[in-house]
> 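Got a structure for you, questions after.
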Amino acid sequence: MLTTIRTCARPALGARVAACLLAGLLALPAQAAPSTATGNSTGRDVVGNWIARIDQRAAELEAMPRVQQTRVGYGSVLKKGDGGMVDVVAPGPMRPSDVPEGTAPAAGAVPTVVVTPPAEPIPQADPSATPGNALGGTATPGTVVEVLPPPPALTIQVRARAADRVGRLSTRLIELGFLSQEQWTETFDDTLEVAVRAFQLSEGLMQDGKVGEVTRQALDRTPKEAAKLMRGATASMRAFQASVPDTVILVNLPSQTVSFIERGKLNFTMRAVVGRPSRQTPLLQDRVTSVTINPTWTVPPTVLVEDKLPVLRKKGNTGIKDAIVYLDGVEVVPESINWWQVTPERIRIVQKPGDDNALGRFRFNLTNGDGIFLHGTNDPRLFERDLRAASSGCVRLADARMVAETLLRPAKLDSAAIERQLDSGKTKTVSLPNAVPVRFVYWTSSVETDGTVRVHPGIYDDVPTSSSAPSASQAPAAAGTVSAPRRVEPKPVRPTPAAAPQPAPAPAQSSSTATPARAADTRNGAEAVRTAM
């Protein structure tokens, strides 16, 4: 009977297995459907997901009960070894010979009075006295009297100036759960450094174990303040969402990052360096039209007037490696020119391409009239900082090579071709088949790929206002600037009066009439455009 049952069951089991396999095959297209749907997503969907996640987190923070919070407070950078007790050497008594002539005694010092004894007649020597007691027991004239040495300096221990702030830092980390009550200290020791690193990791900051300005702001920020930054960011995102392109480069100034949305999907986000507060990056709506490999760098007017011209006048050189200096469109030897007699508009400084070039190996050309563009860098150390507002207005990319490969892919230029062009050392500009929109935004909150919400304090005092981006049919030139922060214009440089001492007279070409080199600028094309590194 059992054998019969097994024999009859085999066909049924085979039928069930076949049905399962068939169901699995039929389910494959259904599993691929989400990917297809994702492919049909738009830039508006990406921004909409960010808005929803940030609003959710803001609501959670707003619902949190108010608790006492210790603030670390403003001050210098706190690091390992700060705080605690320090040894201080107390000044000891001073002899008259220790005080330089003409120097007033220190405050609190005991004045020393030198008493000159009255002149007395020298007693006559006793003929019967021995040579060692020629004056009958008194010291002979000219005898050196031994002076006792001053007492050793007194070393005492006092609380360091940073002890209070280190104590508040410990208290704040206890409140946040990174330290226990027993680990409270006024000395920045190893345990406190580990706790600071853990906090920085939780906030997405550089884990250097030091409490700089960015870490200090994150420690002192209350949930209500964080929620306010998030709500402000979502308000700006909503105004931007309606017209965001499906493919767009987003430059977020507060987070100092660059993100690339390609066909409705977030491709990458990387660190960037943006304009410093004195040379702010404006909120532009533009597009990348071409990519220059091995670019040259033409020193922009602001940098020329405020940075390079003073160096030329003081040292006779630009301080830029592999730089060519043009005066009235003619290449000159900088050391042979009296730069005190030359006005800035007559000067043009161009740095040759290479690893030392200030733009790195790639420049992404935009169409704005402010000379703002994206580029690489020859100094990647700035990307290790949390506060990276350090440029003269342009945006430096942490991985310009990856951006170039991504944008040049539609131009049929692969990684190998880019590598060959880099090795050649020659400058080449490749036009993009379709210009890529670029939007500069000022969002004080962002969402990471894992859904973590970050807040970013404003980097400029005059915070730009939010505005929507133009439609795809609008040209970037017509769009202009949404809300350009205040920019520092070059200050006119007054020539040095003739009566002032001057260096040696310049050659005849330096004293000629100022005639800008239009032809030379035209030949250099994009290199002569006003730039702001």
Side-chain angles (χ1 to χ4, degrees), residues 290-365 369-373 375-379 391-394 421-430 490-496 498 502-533:
S290 61
V291 179
T292 301
I293 306 174
N294 292 327
T296 61
W297 176 50
T298 300
V299 177
T302 302
V303 178
L304 176 63
V305 172
E306 298 183 2
D307 301 337
K308 301 307 176 185
L309 186 55
V311 176
L312 273 172
R313 289 173 171 170
K314 182 178 180 180
K315 299 182 178 180
N317 59 69
T318 61
I320 303 174
K321 190 174 182 179
D322 296 331
I324 303 175
V325 181
Y326 295 91
L327 179 62
D328 297 332
V330 180
E331 182 178 347
V332 296
V333 178
E335 292 80 2
S336 65
I337 305 298
N338 181 5
W339 296 107
W340 292 96
Q341 298 179 354
V342 179
T343 53
E345 63 272 8
R346 300 173 58 190
I347 308 170
R348 187 163 58 90
I349 304 174
V350 180
Q351 187 181 26
K352 298 177 183 179
D355 291 331
D356 295 315
N357 189 279
L359 304 184
R361 291 299 190 123
F362 299 95
R363 187 182 68 195
F364 305 88
N365 303 307
D370 293 328
I372 302 297
F373 52 86
H375 62 86
T377 181
N378 62 344
D379 186 10
S391 78
S392 292
C394 283
Q421 186 63 38
L422 289 172
D423 293 340
S424 71
K426 297 180 180 179
T427 301
K428 180 178 181 179
T429 299
V430 182
K491 298 180 181 179
V493 178
R494 293 179 295 181
T496 305
Q502 299 292 339
Q509 61 184 5
S510 66
S511 59
S512 59
T513 305
T515 55
R518 303 294 182 185
D521 289 347
T522 304
R523 286 194 301 269
N524 284 274
E527 303 303 334
V529 72
R530 184 165 74 93
T531 57
M533 189 189 75

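Starting from 1, each residue takes its place in the sequence as its number. Just so you know, these numbers come straight off a predicted model, no measurement behind them.
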> Sequence neighbours left out, what passes salt bridge (charged side-chain N to carboxylate O under 4.0 Å, His left out) with Lys321? Give chain and number order.
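Scan of Lys321 (salt bridge (charged side-chain N to carboxylate O under 4.0 Å, His left out), adjacent residues dropped) gives Asp356.
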> Shortest non-hydrogen contact from Phe364 to Phe373?
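Phe364 and Phe373 have their closest heavy atoms at O-CB, 3.3 Å.
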> Do Ile293 and Phe362 make a side-chain contact, defined as non-hydrogen atoms from C-beta onward lying under 4.5 Å apart?
yes
> With a 4.5 Å cut-off on side-chain heavy atoms, are Arg361 and Asp355 touching?
yes
> Please list, chain by chain and in numerical order, all residues satisfying side-chain hydrogen bond (donor to acceptor under 3.5 Å, both in side chains) with Ser290, sequence neighbours excluded.
Asn365
> Evaluate the side-chain proximity of Val311 to Thr318: yes if any heavy-atom separation is below 4.5 Å, no if none is.
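Contact flag for Thr318/Val311 side chains = no.
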> Can you name the closest pair of heavy atoms from Asn357 and Leu359 and give their distance?
OD1-N, 2.8 Å
> Please determine if Arg313 forms a cation-pi arrangement with Trp339, meaning its NZ or CZ atom is less than 6.0 Å from the six-membered ring centre and no more than 45° off the ring axis.
no
> Of all residues at least two apart in sequence or in a different chain, which pass the side-chain hydrogen bond (donor to acceptor under 3.5 Å, both in side chains) check with Asn317?
none
> Are any of the side-chain heavy atoms of Leu312 and Ile349 separated by less than 4.5 Å?
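With C-beta onward as the side chain, the pair touches.
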> Does Thr427 use its side chain to pair, donor to acceptor, with the backbone of Asn294 at less than 3.5 Å?
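Confirmed, Thr427 side chain pairs with Asn294 backbone.
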> Mind checking side-chain hydrogen bond (donor to acceptor under 3.5 Å, both in side chains) for Asp423 and listing every partner two or more places apart, or none if nothing turns up?
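side-chain hydrogen bond (donor to acceptor under 3.5 Å, both in side chains) list for Asp423, sorted by chain: empty.
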> Would you indicate whether the side-chain heavy atoms of Pro295 and His375 approach each other to under 4.5 Å?
no
> Roughly how far, to the nearest 0.5 Å, is the CD1 atom of Ile372 from the OG atom of Ser391?
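Spacing of OG (Ser391) from CD1 (Ile372) equals 7.5 Å.
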> Quick one: list whatever passes side-chain hydrogen bond (donor to acceptor under 3.5 Å, both in side chains) with Asp322, sequence neighbours left out.
none
> Say you draw a straight line from CG of Leu309 to CD1 of Ile347; how long is it, rounded to the nearest 0.5 Å?
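The CG atom of Leu309 sits 4.5 Å away from the CD1 atom of Ile347.
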> The criterion is side chain to side chain contact (heavy atoms under 4.5 Å, CB included); which residues satisfy it with Lys428, sequence neighbours excluded?
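For Lys428 the side chain to side chain contact (heavy atoms under 4.5 Å, CB included) partners, ignoring immediate neighbours, are Gln421, Val430.
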> With rounding to the nearest 0.5 Å, note down the distance linking CZ in Arg348 to CG in Leu327.
11.5 Å
